[in-house]
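Step one of this worksheet: look at the structure below.
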Amino acid sequence: MKFRSYMDIALNEARAAAHRSEVPVGAVIIHAGKVIGSAGNRTRELNDPTAHAEMLAIRAACAALGQERLTGCDLYVTLEPCPMCAAAISNARIGRLYYGASDPKSGGVGQGPRIFSHAQCHHVPEIYSDIDATACEALLKSFFTQRRGS
């Protein structure tokens, strides 16, 4: 079976988030080759600190499947998940995590607390990093450069 990345959809969600003045992070969840949930950050719009792209995509995917577990699903996200999102990914039992840019400041997968390495973590997805990392990083850098006026 040939690998097909869905990071382009996640990047489109991230761009839409940037247009809403949200930090440009996008996520998409795939099940059996079909998109069942996608979202960009909406923390400011919804006044909800948990409204990260991953959390919203997980909620949409669970609703689409009518269950709380996303076994056999793949999650593509433009930025390394934070610890909160990593825990949700584990609790949802997502099969594979693909992320673009690493997040040295707030990441919870490859850096920082490395949520999936703890004994308390009941499920660890297969993890693939640096998927379209250059495009993901460029979008974030451009957003923050514009916000700072530099």
Side chains of C62 and Q67 in contact at under 4.5 Å (non-hydrogen atoms): no
Look at the side chain of D103 and the backbone N and O of S106, then say whether any donor-acceptor pair between them is shorter than 3.5 Å. yes
With sequence neighbours left out, write down each residue that passes side-chain hydrogen bond (donor to acceptor under 3.5 Å, both in side chains) with S129, or none if nothing qualifies. none
So OG1 of T71 and NE2 of H31: to nearest 0.5 Å the spacing works out to 8.5 Å
Which heavy atom of L140 sits nearest to which heavy atom of P24, and what is that distance? CD2-O, 3.7 Å
Assigning hydrophobic clusters by single linkage (Ile, Leu, Val, Met, Phe, Trp, Tyr; side-chain heavy-atom cutoff under 4.5 Å), is L46 placed with V25? no
Heavy atoms only: give me the nearest P113-P83 pair and the separation to one decimal. CG-CG, 3.5 Å
If hydrophobic clusters are built by linking Ile, Leu, Val, Met, Phe, Trp and Tyr wherever their side-chain heavy atoms come under 4.5 Å apart, do M84 and V109 end up in the same one? no
Tightest non-hydrogen contact, residues A101 and C136, listed as N-CB, 3.8 Å
Side chain to side chain contact (heavy atoms under 4.5 Å, CB included) between L97 and V77: does it pass, once the steps are laid out? CA-CA 8 Å; L97 166 64; V77 61; 4.0 Å; yes
Is it the case that the side chains of T43 and N41 hold a donor-acceptor pair, with the cut-off being a distance below 3.5 Å and no angle test? no
Going by heavy atoms in the side chains, are C82 and E54 under 4.5 Å from each other? no
Does the side chain of R59 pick up a donor-acceptor pair with the side chain of T50 at under 3.5 Å? yes
Between E80 and S102, is any pair of side-chain heavy atoms under 4.5 Å apart? yes
If hydrophobic clusters are built from ILVMFWY residues whose side chains come within less than 4.5 Å, do F143 and Y99 share one? yes
Is any side-chain heavy atom of E13 closer than 4.5 Å to a side-chain heavy atom of V28? no
Taking the six-membered ring of Y6 as reference, does the NZ or CZ atom of R4 fall below 6.0 Å from its centre and within a 45° cone about the axis? yes
Give the cluster check for Y98 versus I30: same hydrophobic cluster or not, with ILVMFWY residues linked at side-chain heavy-atom distances below 4.5 Å. yes
Between I9 and L56, is there shared hydrophobic-cluster membership here, with clusters defined by ILVMFWY side-chain heavy atoms closer than 4.5 Å? no
State, to 0.1 Å, how close A88 and M55 come at their nearest heavy-atom pair, and which atoms those are. CB-SD, 3.4 Å
Look only at the side chain of E22 and the backbone of G40, and say whether a donor-acceptor pair between them is shorter than 3.5 Å. no
Give me the atom names and distance for the closest heavy-atom approach of C73 to L65. SG-CD1, 4.1 Å
Does any N or O in the side chain of S142 come within less than 3.5 Å of the main-chain N or O of L139, such that one atom is a donor and the other an acceptor? no
Measuring from atom NZ of K105 to atom CG of L79, what distance do you get when rounded to the nearest 0.5 angstrom? 11.0 Å
How about H122 and R93: do any of their side-chain heavy atoms sit closer than 4.5 Å? yes
Identify the heavy atoms of I94 and H123 that sit nearest to each other, and give their distance. O-NE2, 2.7 Å
